[in-house]
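Report on one structure; see the data block that follows.
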Amino acid sequence: MTQVFPTPAAHAREILAKLGAPPLPADAGEPVRGPIDGAILGHVVYDDARQIEAKVAAACRAFADWRVVPAPRRGELVRLFGEELRAAKADLAALVTLEAGKIASEAAGEVQEMIDICDFAVGLSRQLHGLTIASERPGHAMRETWHPLGPVAVISAFNFPVAVWAWNACLALVCGDPVIWKPSEKTPLTALATQAILERALARFRDAPQGLSSVVLGARDAGERLARDPRIPLVSATGSTRMGRAVAPMVAERFGRSILELGGNNAMIVTPSADLSLALRAIVFSAAGTAGQRCTSLRRLIVHESLVDKVSDAVEAAFQRLSVGDPRDPKTLLGPLIDKAAYDAFIAAMNQVRAEGGSVAGGERVLIDEHPDAYYVRPALARLPAPAPCMQRETFAPLLHVVPYNSFDMAIAIQNDVPQGLSSCVMTNDVREAERFLAAAGSDCGIANVNIGPSGAEIGGAFGGEKETGGGRESGSDSWKQYMRRQTATVNYSGALPLAQGVRFDL
Ligand code: NAD
């Protein structure tokens, strides 16, 4: 018996009301379409220039107050937010499913990631420590201190509609910075819901300044307005490389700082010593999970020539078995593509594979009769005899390219020979191969895994990638330093005035 779900639009409104988000306008403003059935989930009204200006001005005022609140007290706000997120987890995850099309377990995982970064940030709020440094001058003390930076703009993509904001916002808040969020125009409802959840925490915290966190609704022009604003010292932008190419010079021109988290084109090397059953599970999850719409999705499979047919056949068979359908159905492993543009790009990419001498298995559109305005597809496996131009681009859909290699040097060369540098992995039980992959002449990516697929990072590490992926790092490790300004201070307690480097300037 097929499960009957409420219409996505009715369900989305119900969740927004439950979470205390402001009511959506009846049908004025911009329509937000859900990927499950392609129908309109609701409308939102974009902020105009005056409203954006007011939100930035409020963030600047909030900064003056927030930066002098002791960091552990700022952490208390994030601790309360984590509590509110735990209480709202199921509802927010359901909204992620409705608006971004993620299956229930992945949507819950996305909200869990928000909770995890809250916990991380709370701990961090007591560890924003600097250094003491040996001074070369007698009777002098030198130290390095980290101070709050200022309002942070977060521009986010549709595919992690809430977690990426949380990575940035939780660190920014404990670092003493207000946050202005411009979510993807494809997923504004989850942003409004998240802001409502944060406002509950703000109400419990009591004395947080107005304007500490705001949401700017709009498309790229709203993002550009934030990128150009000299009052915003840091712009953290997640999305396509095309977006980063536009945003980076706008921020640089005014000497702002940017964190760019852009497209990936992630690879896995499967070596002769690999545990093939483990590799197969990693391949299928990372290539087809989230319908191939993760920045870390597996897009290129580089398999030793002795195994390439065996591995390709197994992946093709596994792809065929995956259940594609309504992401609310617990049996579904592959939900829909976000929209028609994503489907068109998928078709174009498969055509390019064929034009360049490859063959494609799978990739059919399904559920057309049930959902003529939604885009459900079977994952596609593209077999190529050698690397081809079609493998240079990120196609944000479940399309996996396979090529053979004959030496480990060649495998690493293929892995690195793309403009992007986000995530990478090797499947091997040979310690020498594993270490070579992780060494200076190995993978050139920001993320390099052994016996794990390229997707599904933990928040404890710094997340991001090289080359056209933008070079930014977010989330764990010492990423917090980007949300603060570094100050080197030297104090003279000697009564004399010795100059550095032995310089003499006798009056
Ligand atoms: P997108 O580039 O279309 O949009 C991302 C965000 O940027 C949206 O909020 C959009 O309004 C804004 N934007 C677009 N052009 C802009 C401009 N000129 N100025 C200012 N803002 C602008 O990306 P998408 O389709 O939402 O997301 C998919 C892409 O995001 C993929 O390429 C994926 O790899 C990438 N992504 C990267 C990471 C990462 O951490 N590296 C994470 C998630 C997604």
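Note that ligands are numbered from 1 as they come in the structure, with each ligand's atoms numbered from 1 the same way.
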Checklist entry - Which heavy atom of the protein is the closest neighbour of atom 28 (C) of ligand 1, given with residue, atom name and distance? => result Phe396 CE2, 3.7 Å
Next on the checklist: I want to confirm something. Looking only at heavy atoms, which of Glu468, Arg245, Arg220 is nearest to atom 17 (C) of ligand 1?
Outcome noted: Arg220
Checklist entry - Using 30° and 60° as the class limits, which term best fits the ring planes of Phe396 and Phe158: parallel, tilted or perpendicular? => result perpendicular
Checklist entry - Are side-chain heavy atoms of Val32 and His43 found at a separation under 4.5 Å? => result no
Next on the checklist: With nothing but distance in play, are any N or O atoms of Phe158 less than 3.5 Å from an N or O of ligand 1?
Outcome noted: yes
Checklist entry - So, is Thr469 polar-close to ligand 1, with some N/O to N/O distance under 3.5 Å? => result no
Next on the checklist: Heavy-atom pairs closer than 4.0 Å: do any link ligand 1 to the side chain of Phe160, the backbone, both, or neither?
Outcome noted: neither
Item to check | Within 45° cone and under 6.0 Å: Arg365 NZ/CZ vs Tyr343 ring | outcome: yes
Checklist entry - Do Lys182 and ligand 1 have an N or O pair less than 3.5 Å apart? => result yes
Checklist entry - Is Glu185 salt-bridged to Lys182, going by a charged N under 4.0 Å from an acidic O? => result yes
Next on the checklist: Under a 4.0 angstrom heavy-atom cut-off, which atoms of ligand 1 come close to Ser184?
Outcome noted: 8 (C), 9 (O)
Checklist entry - Between Phe5 and His11, does the ring centroid distance fall short of 6.0 Å? => result no
Item to check | Heavy-atom nearest option to atom 37 (C) of ligand 1, drawn from Ala248, Ala222, Gly218, Cys295 | outcome: Cys295
Next on the checklist: Under 3.5 Å between any N/O of Thr238 and any N/O of ligand 1: does that happen in this structure?
Outcome noted: no
Item to check | Closest approach of any protein heavy atom to atom 18 (N) of ligand 1, naming residue and atom | outcome: Glu224 OE2, 3.1 Å
Checklist entry - Would one find an N or O of Glu185, backbone or side chain, under 3.5 Å from an N or O of ligand 1? => result yes
Checklist entry - Considering only protein heavy atoms, which is closest to atom 22 (C) of ligand 1, and at what distance to one decimal place? => result Met243 CG, 3.5 Å
Checklist entry - Should Leu262 be counted as touching ligand 1, given the test is an N or O pair under 3.5 Å? => result yes
